[in-house]
Each structure stands twice: as structure tokens, then as C-alpha cells.
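First comes the structure, then the notes that go with it.
Every chain is numbered from 1 and lettered A, B, ... according to where its sequence line falls, protein lines coming before strand lines. Everything quoted here is computed from the prediction, not taken from an experiment.
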Amino acid sequence: MPEMPEVEIIRRSLVDKLSGRKIIEVEFLLARLVKWPSAAEFQAVLTNRTIVTVARKGKYLLFHLDDNQVLVIHLRMTGRLQYVTRGIEKDKFTRIIFKLDNEDLLVYADTRTLGTLYLMPLDELWRITGLAAMGPEPLTLEFSLLYLNEMLKKHHGKIKAVLLNQKYIGGLGNIYVDESMAIAGIHPERIASSLSESENEKLFHAINKVIADGIEHGGTTFRDYRDGEGKSGSHQHHLKVYGRKAEPCYSCGTPIVWKEVSGRGTHFCPTCQR
DNA sequence: CTGCAATCCTGGGTGC
DNA sequence: TGCACCCAGGATTGCA
């Protein structure tokens, strides 16, 4: 569900509340979401660990704990993390409850149960392939125009698929990729290596802008997404193409096209994006 | 390296 | 009200 801006907003909404808190109990309603180690070991190691800070890499949340342990959570499509102060009515999507030493709760809920959790020492994070192989993230020094130029030159697949691939750029998902291509005026089915340097430059600025705006607006809420305090984002009101199938393009009035590209639903303006 | 399909799951929305 | 079908913000794996 969430892409990098949403995960970052969740991180920001949790970090102050969780830093210094001790996890005193882990309750599983659906233990199979834990991918490493076994659920029993996950529970045993996590119990009585203190949370030092909450970090993020791409779409992964990293809860740094004492004893050099790290709790890693990937929300995938419909995962939600909520800091709860007054006890909760468990609903059927509540999957894992972390009980804290101040009697508050960190609740993991997930409709489609595709989310993944891991617990391991800091120096073993390389075991999580998607985390270890992640490409540079927008808005960082590593994600430079030079990097984007060199990277796109090497890839001969559709630009949409390349931008979605976390190995090449970390943190972009379907919404922000469609929006980036719309702002840059690039058709999603273009071959990545065929883009000119001036198109790459437009794309570079568009990606950074879309991610920065997404964070500034508190993320994009369609259905499930909420931050750690249950608040919705507002970036859905700023989208140019995503979710606007058949509605007029804001620039030229042409109806926005929806088409499956690289296996993902894709929105674009056939006039403005070439 | 690339595309493609299948896979993990449970809905919401729509059309008949 | 029921039912079938499409679609969904992610990512991995196996195959051609």
C-alpha cells in the first residue's frame, strides 16, 4: 500500500512515541507474517527489548533496538501501523500487537496479509534481499542526475518497469511513478535507454518533486493508508493522472488513459506524454 | 537482461 | 440481495 512518502510519514509519526519504550509482550493473531526467525524466536528475542529509534530505508521501516537487534517491517499493500493509547477493539485485520511498558500498544493490521516482518542483528540485515539490494532513494545525494543518466542508459525495458524496480531506485511505487512520468511528459512505455539527457533531467526533477510533495502532504490516502496516529494524507488531491482514468488532463483536456504496462495499472495522458 | 505469469491474500466496487 | 468479475498503493520466483 504505502510508498516511500507514506512510510516516511509513518516513521515520523512513531519515532518520538516509541523511542525509549520497551516492548514487554508480543501477541500474534497471525504469526505467519514473520518471515525471520521463527515466530517463537521472534517473540522471545523481542520481549524486553527497548526501542532506540525508528529509521526507514525505501519502503522498509527499521526499528533499532537495544542488544543490537533490528525489527524490520514492510507494509506491502495494506499493512498499517498504529500507536494506540487506550486499548483497542481488535478487528479482523489486527495481526500483531506489540505491548509497551507504558501500557500503550503498537498495533500491526493488514487486510491482505502480504506484509512482512523480520528480526535480526544489525550486521545481518543483508539477509533481507530487497533491503540489501536497494538502489538510491530520491532526495538523497546518491540519487543524482548522473546516476539516473547512467542507470537508464543501461536498461532496455520500459521506463515504467525500471522506475518501479527497487534495485534501481528505492522507494517509488505505482502512484509516484505514474505521477513522475506525467510531470516529466514521458510515456510509460518508452524504452528507458531511449530517453534523451534532457528527458532524464525532467524525470529526475519530477521524481524528487513528487516524493517531496507526497511527504509534505502527509502521503496519499485512497483506502487503507493512515499514519501512526491514524491520520489520512492529502496528496490524493494533488495527483495529475493516478486514479483519474477518463477524466480530462489538467494541461490539455485529453481523457487520461488507463492501461496495463509491465503488469501494473498505469495512468497517463496520451497527448502530453510522449 | 527482459518480459511474462504466477504467487502470496482479502477485500471494495461495479455490472448484471 | 446475490453473484461474478475486475481491480488494488508490493515484491519475489521461475520460466522462456
On the ring face of F93(A), is R112(A) found with NZ or CZ under 6.0 Å from the centre and within 45° of the axis?
no
When you check the phosphate oxygens OP1 and OP2 of dT2(B), does a side-chain N or O of K158(A) lie under 4.0 Å from one of them?
no
How many whole angstroms separate atom CG of L75(A) from atom C1' of dG10(C)?
11 Å
R49(A) pairs by side chain to side chain contact (heavy atoms under 4.5 Å, CB included) with which of L71(A), L65(A), L119(A)?
L65(A)
Does Y168(A) put a side-chain nitrogen or oxygen below 4.0 Å from OP1 or OP2 of dT2(B)?
yes
Between dA8(C) (C1') and E3(A) (CD): distance, integer Å
12 Å
May I ask you to evaluate whether W258(A) reaches the phosphate of dA8(C), defined as a side-chain N or O under 4.0 Å from OP1 or OP2?
yes
Does a side-chain N or O of K154(A) approach OP1 or OP2 of dC1(B) to a distance below 4.0 Å, or not?
no
Find the distance I10(A):CD1 to dG10(C):P and express it as a whole number of Å.
13 Å
Rounded to whole Å, please give me the gap between CG in D91(A) and P in dG11(B).
10 Å
Euclidean distance, atom CD of residue E8(A) to atom P of dG9(C) [Å, nearest integer]:
22 Å
For dG11(B) and K92(A) - does any side-chain N or O of the residue sit under 4.0 Å from the phosphate oxygens OP1/OP2?
yes
To check you understand the geometry: which heavy-atom pair defines the closest contact between V261(A) and K158(A), and what is its length?
CG1-CD, 3.9 Å
Checking dG9(C), dT12(C), dG11(B) against the side chain of Y60(A) (C-beta onward), the nearest is dT12(C)
Side chain to side chain contact (heavy atoms under 4.5 Å, CB included) evaluation trace for K35(A) with L117(A):
CA-CA 6 Å; K35(A) 303 305 171 190; L117(A) 294 86; over 6 Å; no
Rounded P spacing from dA6(B) to dC6(C) in Å:
14 Å
Rounded to whole Å, the CG-C1' distance (N174(A) to dA11(C)) equals 13 Å
Test item: side-chain donor near acceptor, D91(A) and T94(A), under 3.5 Å:
yes
Give a yes-or-no answer on whether the side chains of T78(A) and T111(A) include a donor-acceptor pair shorter than 3.5 Å.
no
Which nucleotide in the list dA11(C), dC9(B), dG9(C) gets nearest to the side chain of I175(A)?
dG9(C)
State whether Q166(A) places a side-chain N or O below 4.0 Å from either non-bridging phosphate oxygen (OP1 or OP2) of dG10(C).
no
Consider only side-chain N and O atoms of Y108(A) and D110(A), and report whether a donor and an acceptor are under 3.5 Å apart.
yes
Give a yes/no on whether any side-chain N or O of H74(A) is located under 4.0 angstrom from OP1 or OP2 of dG10(C).
no
Are OP1 or OP2 of dG9(C) and a side-chain N or O of Y242(A) less than 4.0 angstrom apart?
yes
Centres of the Y60(A) and Y118(A) rings: under 6.0 Å?
no
Rounded distance (Å) that lies between atom C1' of dC7(C) and atom CZ of R112(A):
9 Å
Ring center gap for H235(A) and Y176(A) short of 6.0 angstrom:
yes
For dC9(B) and dC7(C), measure between their P atoms and round to the nearest Å.
22 Å
Residues in contact with DNA chain B, drawn from residues 115-133 of chain A - heavy-atom cutoff 4.0 Å:
none
According to a strict under-4.0 Å criterion, is H155(A) in side-chain N/O contact with OP1 or OP2 of dT2(B)?
yes
Residue pairs passing the salt bridge (Lys or Arg N to Asp or Glu O under 4.0 Å) test with at least one member in residues 120-133 of chain A, sequence neighbours excluded, are E124(A)-R127(A)
Walking DNA chain B from its 5' end, the first of H156(A) and E260(A) to be reached, judged by nearest nucleotide, is H156(A)
For a quick check under 3.5 Å, do H156(A) and S193(A) share a side-chain donor-acceptor pair by atom type?
yes
Just N and O in the side chain of R264(A): are any of them under 4.0 Å from OP1 or OP2 of dG9(C)?
yes
Could you write out DNA chain B as dot-bracket? Rules: Watson-Crick or G-U wobble, both distances under 3.5 Å, brackets [ ] for crossings, | for pairs with another strand, dot for unpaired.
.|||||||.|||||||
Taken to the nearest whole Å, CZ/F222(A) to P/dC7(C) is 16 Å
Contact class for K167(A) (heavy atom, under 4.0 Å): base, sugar-phosphate, or nothing?
nothing
